[in-house]
Amino acid sequence: MGEKKRLENPNYTGNEEFNFFLAVAFPDNELEIMDYNRVVKGLNELSTEEFLNEISKGFEVEKQSSAFSPKKKTHLRNVP
């Protein structure tokens, strides 16, 4: 991506933000991934079924009867 951005920028100096990325290093036993939730505020005039069909094109969507939270770091739910 950096090469593409350099070609698109005729005034390239090397100091542009696309030349850098944030990185951090620490032991995995100090890593804590906290739960997060996603909220859909509007369906852009789609019905609930139409919305779920659309997002199913890029994501695995599964109806849940209750909230799910992994019990350990490497826990995946029935993902092939």
Side-chain angles (χ1 to χ4, degrees):
M1 181 168 165
E3 183 177 349
K4 180 180 180 226
K5 290 287 191 180
R6 286 189 285 276
L7 293 173
E8 292 173 352
N9 187 343
N11 299 318
Y12 175 75
T13 66
N15 293 320
E16 295 80 5
E17 62 185 35
F18 60 77
N19 290 298
F20 307 96
F21 65 93
L22 180 62
V24 63
F26 52 86
D28 68 341
N29 64 352
E30 293 181 15
L31 174 65
E32 180 181 355
I33 299 175
M34 303 174 76
D35 289 345
Y36 64 92
N37 297 297
R38 297 287 188 242
V39 176
V40 177
K41 292 187 176 187
L43 302 181
N44 292 328
E45 300 182 17
L46 296 174
S47 69
T48 301
E49 184 177 336
E50 291 169 326
F51 173 75
L52 291 173
N53 286 336
E54 285 298 314
I55 64 171
S56 293
K57 292 175 183 176
F59 300 94
E60 183 177 322
V61 178
E62 187 178 306
K63 186 174 184 175
Q64 299 296 305
S65 59
S66 62
F68 171 79
S69 182
K71 303 300 181 222
K72 59 183 180 176
K73 288 181 185 179
T74 59
H75 187 231
L76 296 175
R77 296 185 54 215
N78 302 326
V79 177

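Values below: every heavy atom of this structure, side chains too, minus hydrogens, waters and symmetry copies.
Annotation: side chain of Y12 is in contact with side chain of N19 (closest heavy-atom distance under 4.5 Å).
Judged as a side-chain contact (heavy atoms from CB on, under 4.5 Å), and not counting sequence neighbours, P10 has no contacts. Taking the side-chain contact (heavy atoms from CB on, under 4.5 Å) definition, one finds that F21 meets it with A23, sequence neighbours left out.
Pairs engaging residues 39-53 under the side chain to side chain donor-acceptor pair (under 3.5 Å) rule: S47-E50 [sequence neighbours left out]. Applying the salt bridge (charged side-chain N to carboxylate O under 4.0 Å, His left out) test to residues at least two apart or on different chains, the pairs with a partner in residues 7-16 are K4-E8.
The cluster map of Ile, Leu, Val, Met, Phe, Trp and Tyr, joined by side-chain heavy atoms under 4.5 Å apart, puts L52 and V40 in the same cluster.
Within 6.0 Å of atom CZ in F59, 12 or fewer heavy atoms from other residues, nucleotides or ligands are found, so the atom counts as exposed in its surroundings.
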